[in-house]
Number of protein chains: 2
Amino acid sequence: MNLPRIAVDAMGGDVGVRVMVEGAALARRRHDRFKFLLVGDEPQIRAALENHPNLKAASEVLHAPDTISGEDKPSQALRRAKTTSMGMAVDAVKRGEAGAAVSAGNTGALMAISKLALRTLPGIDRPALAALLPTLGDNDLIMLDLGANTECDARNLVQFAIMGAAYSRIVTGLESPRVKLLNIGTEDNKGTDDLKLAATELKAAADKLAMSFEGFTEADKICRGDVDVAVTDGFSGNIALKAVEGTARFVADLLRRSFASSLRSKIGFLISRPATELLKHHLDPNNHNGAVFLGLNGVVVKSHGSANAVGVANAVAVAARLLEEDLTQRIHADLARVGADGLLRSARNGSKKREGNPE
Amino acid sequence: MNLPRIAVDAMGGDVGVRVMVEGAALARRRHDRFKFLLVGDEPQIRAALENHPNLKAASEVLHAPDTISGEDKPSQALRRAKTTSMGMAVDAVKRGEAGAAVSAGNTGALMAISKLALRTLPGIDRPALAALLPTLGDNDLIMLDLGANTECDARNLVQFAIMGAAYSRIVTGLESPRVKLLNIGTEDNKGTDDLKLAATELKAAADKLAMSFEGFTEADKICRGDVDVAVTDGFSGNIALKAVEGTARFVADLLRRSFASSLRSKIGFLISRPATELLKHHLDPNNHNGAVFLGLNGVVVKSHGSANAVGVANAVAVAARLLEEDLTQRIHADLARVGADGLLRSARNGSKKREGNPE
């Protein structure tokens, strides 16, 4: 199988070229059949490549004179798409010179550039940002949308469910992932009209969908391992994801303080370091890095701006895996099978929809 | 000062009378100037009181023939308000026979019954459910709304900010608590129109408000101790609160697994038990139990259904403290000072508002 290349925006992220190139090099070791297109300031990229001959041998460098900053509004980013590393990396996917683009830059800008350049798949109104979260179960959880769409209607939520299930089947290998809608209660009468309508639509189409739709879930239940795909609007999803991240950090800080609270505890900490290291590994966001914009004609992966080389490598590995498993084609096929439009005949037409651009 | 009584719905909660009465007895030891009205099945209450002479001496028992279940819809609960322990406890506040009501029952039912019986304060469109969260700073954080109002407009959010600040001043002793709106980013262009409008209104009124309004915060920042009041709509607030609770439990479970992963870790755990106990204490929701419905003519406190006696005692202590500090009058005064209606002249009129009834 002749695999498409992976375009890497080498300039995005808090650290920049060094970490992006080192991360790509780490990913190349795991997915050594892939070739790379490194987009950004050519001299900096070439300098960084000197430390990574294995990546250098598998990479082409595409010079981009400009970069998108964290402060750039999506509208500003769109105007500079043709000259920025982010814009040129996504454009390489559009032109078929790469199958996937990976960037650690401004999420709102990446969303806007990707949507304009790649367009959404037939039957998809807007792309959704999906990430993997650790659970107490055997598989990671996929949650979407995480902020690409501030407000969503029932039609969007159903489309997110279909796309999330396709992604989950690739990640978990399950034939029929368990899908739930994030809500403030599990009873049918809970939540907004759009949530209730989406639940009705998904129940009705259950037999046609390659998923097991299990109604509503609350935010304190998603990490228990009894749901594979948690579907929500971008506002609530962003709030939930950040609450999870913040609390994990909060508890880790409390733990550090507690262990430092007495000599006895310090000794206990040293002895039990393997345990606390294991916990740290579980909670380190770098080990779950790589959010995907689902629903586009092409794979676009967002790496966290503060990710280290290991985190970047995981984001690039997500792109590699989704190319190997042909995510785009699978979502395409799922949509065709369920006939997303027929499925959603009764859904409202998204008058409420508005795009957000979270960090 | 002649303190009003505290009415306790003795039947609410997963365990029921025994825990509610034991919790009230624990609270009575801390706030020994208070008298209690215990509402529910009289024989059961009298039996439970035999173990708590100190509470028995300070309590009157009001027999209620019926109870609200966790499954009852708010509409059903309202019809049975006159005969249920929850309804009669709130009614005692309405009739001036108690200053506060505490219930561990169905949140949606308690909200509906309280709103109908006690009405909202002048200038308040709807009550908000507010809870205390632990932070890494010196003070607990107050977050509202936590699910009383599924959708909120700018006018609601501004009212929540004013009420939350009044509550925070009582809890923290700060003259001007730091108030932020929960959003998916901190830039002015982030989030919904209602959030942007609420931020504009609060900025404009800053000088009149007994708070320091500091714009937007993201959900991963609220527990760091740099915000005293986090204001959000009931849907996002409920999602955020449950994500925090669920993640804290998730990390605690991971920790337990890690410590059990090797003999060495088990030994380390035993040695460092004081540290892990300290952590457990910090994370135990019972130590932060007692959410308050702000904006009513009277104090209504919701105890978590699964709270133990210590948790119930904390919820009752919240009611006692809010009576001692006269929360209702302070919110009243704040609203008068800022002239909530003038402040909100330009805000939309809540066309989107709908009530939710989360667990």
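Below, chain A is the first sequence line, B the second, and so on; all start at residue 1.
- Note on B/P134, B/A219, B/G237: by heavy-atom pairs under 4.5 Å with chain A, the leading option is B/A219.
- Residue B/L263: no heavy atom, backbone or side chain, is found under 4.5 Å from chain A.
- Rounded to the nearest 0.5 Å, atoms CD1 (A/I184) and OG1 (B/T107) are 10.0 Å apart.
- To the nearest 0.5 Å, atoms OG1 (B/T247) and CG (A/L133) are separated by 8.5 Å.
- In this structure, chain B has no heavy atom under 4.5 Å from any part of A/S262.
- A heavy-atom distance below 4.5 Å is found between the side chains of A/F235 and B/N183.
- Between A/T150 and B/T192 there is a side-chain heavy-atom pair separated by less than 4.5 Å.
- For the set A/G234, A/A243, A/G246, the count of heavy-atom pairs under 4.5 angstrom toward chain B peaks at A/A243.
- A/I239 CD1 to B/E218 CD: the interatomic distance, rounded to the nearest 0.5 Å, is 8.5 Å.
- Of the listed residues (B/T135, B/L136, B/D253, B/I222), the greatest number of heavy-atom pairs within a distance under 4.5 Å of chain A belongs to B/L136.
- Side-chain contact between B/R249 and A/R224: present, with at least one pair of heavy atoms (C-beta onward) separated by less than 4.5 Å.
- Between A/S75 atom OG and B/N189 atom CG the span is 9.0 Å, to the nearest 0.5 Å.
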